[in-house]
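The structure appears right after this line, and notes come after that.
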Amino acid sequence: MPGPPSTSPVPLKVRARGLDKSFGSHRALRAIDLDIHNGEFLTLLGPSGCGKTTLMRVIAGLETNDGGTVMIDGRDVTHESPRRRGLGMVFQSYSLFPHMSVAENIGYGLKVAGKSKTEIEDRVREMLELISLPHVADRRPKALSGGQQQRVALARALATRPSLLMLDEPLGALDLKLRRQLQAELKRIHRATGMTFLFVTHDQEEALFLSDRIAVMRDGRIEQLDTPENIYRRPANDYVADFVGDVTLLSCGISGRNRRLAVVHDWPNAAPVTIAHPSPFDRFRLVVRPEQVALVPPDGRNGLPANVQEVINEGSTTLVLLKGPAGNQLKARLIGRPNFALHRGAAICAEVRGAEVCLPMEAG
Amino acid sequence: MSSISSSRPMRTRGRVAFTALLLGAPALAATAALVAAPLAQMFDASLRHQDFGILQPGFTLENYRALLGSVQYAELFYKTIAAAALVTMLCALFGFPVALHIAAAGPRHRAFLYFLVTAPLLINTVVRSYGWLLMLGNRGLINTVLIATSITSEPLPLSGNLLGMVIGATQVFLPFMILSLTTSLDGLDSRLIESAGILGASRIRTFLDVTLPLTVPGLIAGSVLVFSLMLGAIVTPLMLGGSAIRYLSVTIYTDAFVLFDLPRATASSAILLLAVTCLYALQRHFIRSYQDKATT
C-alpha cells in the first residue's frame with residue numbers, strides 16, 4: 001500500500017533548520033534542527049553555556065543567527081524582527097517595567113496593538129485571575145514578591161495571546177518551595193491555554209516534571225530530543241544519562257543465549273545481571289539508576305557483593321553508596337527505611353533489576 | 001558582652017571618619033580659601049556703593065533693589081534663561097542618539113566612542129569657540145561657500161548673535177549631556193527593551209514608553225549640568241554671541257571689566273548663583289522622588 005507523503009500529523013509551531021550562531025570564537029549553536037509541535041511543552045535542558053538560551057533567543061529573533069532558517073507556523077521569520085513573530089517571553093529577571101503599574105504592565109502589549117481601553121481592562125482582569133493575583137493591579141512591580149512578579153511577567157506575556165510562549169529560566173531566581181508551586185501553576189496554565197511553551201532550564205527535575213518533550217543540549221548541539229520518560233529511561237548516551245538523574249555505568253560483557261545476561265567486569269563474585277532487552281553490543285556499559293538497585297542480605301546469591309560506604313537520609317527515600325570488592329561504586333535508592341541493619345562498612349548484596357540501556361564502550 | 005560587640009564597630013567607624021577628615025583637611029582648607037573667600041568677597045562687593053570703580057565703606061541693598069526692580073534686567077534674566085534652556089534642549093536632542101549608540105556598542109567600539117565624545121574637552125573653550133568663528137563668521141567657511149556658489153549674495157548672520165552662541169555652546173556642552181545619559185542608559189536592563197519589542201512595540205514606541213521614562217534621572221542630571229554651565233559660561237557667548245548680545249554672563253563681564261561697576265556685576269552674579277543653587281536643590285528633590293516612585 002503506497003503510503004501518503006510523510007507529513008507530521010500535528011502541524012509544526014516552530015521548524016528550525018541548520019541554526020548556527022557564534023559569539024566571537026565561541027560557537028553557541030552548531031547546525032541545530034528543531035521541530036516544536038503545536039501545543040506542546042518543550043524544554044531545552046542543559047548546563048550553562050550549552051546554547052539553550054541562545055537557541056531560544058534566535059527563535060525569538062533577539063539574536064540573529066549566522067546560518068539556518070526559523071519558521072513559525074509555516075512562515076519563514078528568519079529575517080523578521082521579534083515584534084512581528086507573535087511571541088510571548090518571560091525572563092528569569094522578570095523584566096517588568098518598573099515605572100508602570102501591574103495592570104499597565106500586563107496591558108502593555110495590547111495597548112501597543114491599539115486595543116480599546118475596555119478590551120484591555122477586561123483582558124488584564126482575566127489575566128490577573130489566571131495568575132491568582134486579582135488584587136495587585138494598581139501596585140508597582142517592585143512592591144511584589146519575586147514569585148508574584150514572575151506571575152505578572154507570565155500574565156503580561158500571555159495577555160496578547162501569543163502563539164508561542166518562551167520562558168528563559170523563569171523560576172531560576174526563586175526558592176525551592178515557590179519554584180515547585182509555580183511549576184504546578186505553569187503546567188496548569190499550559191493546559192488551560194493550549195499554547196505552545198518553549199522552556200529553558202538547567203534543572204533536570206523541573207524539565208522532567210513539566211515537559212512533553214525535552215531537548216538535552218551540550219556545546220551547541222541537541223544530544224537527545226525525546227519524552228521525559230525516554231530521556232530518563234533510555235538515554236541516548238552517557239552525557240544524557242549523567243545529566244538527567246543519578247546514574248552508575250557498569251562496564252559489562254554479554255553472556256547467555258538471548259544476550260540478556262550482563263557479566264559485570266572487575267567485580268569479583270558478581271552474579272550476572274539480567275537486562276530488559278538483548279544487548280546490541282558484546283562489551284558495553286550498563287546504565288543503572290539508583291532506584292533499579294535493590295539491597296538484599298549478603299547470603300543472597302544473585303547480586304553484586306558490596307560494602308556500605310554511606311547511608312544518606314533523603315527524607316522519603318534513602319540513598320546508599322556502595323563499594324564493590326574491586327573498588328567499583330554503585331548507588332542504591334530505597335523507599336523509606338530498609339528493614340535490616342544498614343551501617344557503614346556492612347556487607348550487603350546489590351541486585352540490579354530492570355536495567356535496560358546498554359551504551360557502547362567509550363570510543364578510543 | 002553585647003555592649004562591647006556593638007560599641008566596637010562604632011568606635012572603628014568614628015576613627016575612620018576622623019582619619020578621613022584628617023586626610024581631607026588640606027583639600028578642605030584649599031577649597032575654603034579658593035572658593036569660599038572669593039565668594040565672600042563677591043557678596044561683600046555686591047553690598048557696597050562704588051565711586052569711580054572704588055568700593056565705598058558701609059553696606060547697602062541698593063544694588064539688588066536696582067536690579068530686581070528693573071524691567072530691563074528682568075528681560076535680560078528671562079532671555080538668558082531661555083537661551084540656556086534652548087542650548088540644554090538641543091544638547092538633549094543631539095545627545096540622546098549618541099548616548100543610545102554608545103550604550104549599545106561593544107566594549108572596544110565603546111572606548112573609541114568615549115574618546116570621540118570627551119576629546120573636545122581636552123581643547124580649551126577659547127580655541128573651540130574660535131574654531132566655530134572660522135566656520136560661522138562672515139568670512140567663515142560656510143558663508144564663503146554659500147557666496148561662492150551664489151546661493152546667497154550677502155553673508156548670513158551666523159555669528160555675533162544668539163544663533164552663533166547657541167550653535168557653539170551646544171557643541172561645547174554636548175559631551176556632558178552624552179556622558180550623563182550614557183551612565184543612565186547603562187543602568188537600564190536590556191531585557192526591558194527586549195520585552196517591549198516582543199510585546200509588539202516598535203523601536204520608537206519602545207524608546208518613548210520604556211527607555212525615556214527610565215532614563216529621566218540621567219536626562220535631568222545632564223540638563224541641570226548643561227544648563228548651569230551655560231548660565232555661567234562667558235567665553236562662548238562673548239566670542240560667538242558678541243558683546244552686544246543680551247546674555248547675563250556677558251552683561252556681568254561688561255559691568256565688571258568695561259564699566260567697572262563691581263557692585264552691580266557682583267549683585268548680578270549673586271542672583272545667578274542663587275538661581276543655580278535652587279535648580280540643583282530642585283533636581284535632587286525631583287530625582288529622589290522619581291526613584292521612590294519607581295521602586296515602591
Heavy atoms from other residues, nucleotides or ligands near CZ of F18(B) exceed 12 (cutoff 6.0 Å): no

Toward chain B, the part of F97(A) with a non-hydrogen atom under 4.5 Å: both

Residues 106-126 of chain A: residues contacting chain B (heavy atom under 4.5 Å, by number): Y108(A), G109(A), K111(A), V112(A)

Per-residue contacts, residues 79-88 of chain A versus chain B, heavy atoms under 4.5 Å: P82(A), R83(A), L87(A), G88(A)

Check: P98(A) and L192(B) side chains under 4.5 Å, non-hydrogen atoms: yes

OG on S190(B) to CZ on F91(A), rounded to 0.5 Å: 8.0 Å

Over 12 foreign heavy atoms within 6.0 Å of CG, L23(B): yes

Enclosure of D175(A) CG (heavy-atom neighbours >12, cutoff 6.0 Å): yes

Side chains of M100(A) and P213(B) in contact at under 4.5 Å (non-hydrogen atoms): no

Heavy-atom closest pair, residues H99(A) and D209(B): NE2-O, 2.7 Å

R191(B) and D168(A), any side-chain heavy atoms less than 4.5 Å apart: yes

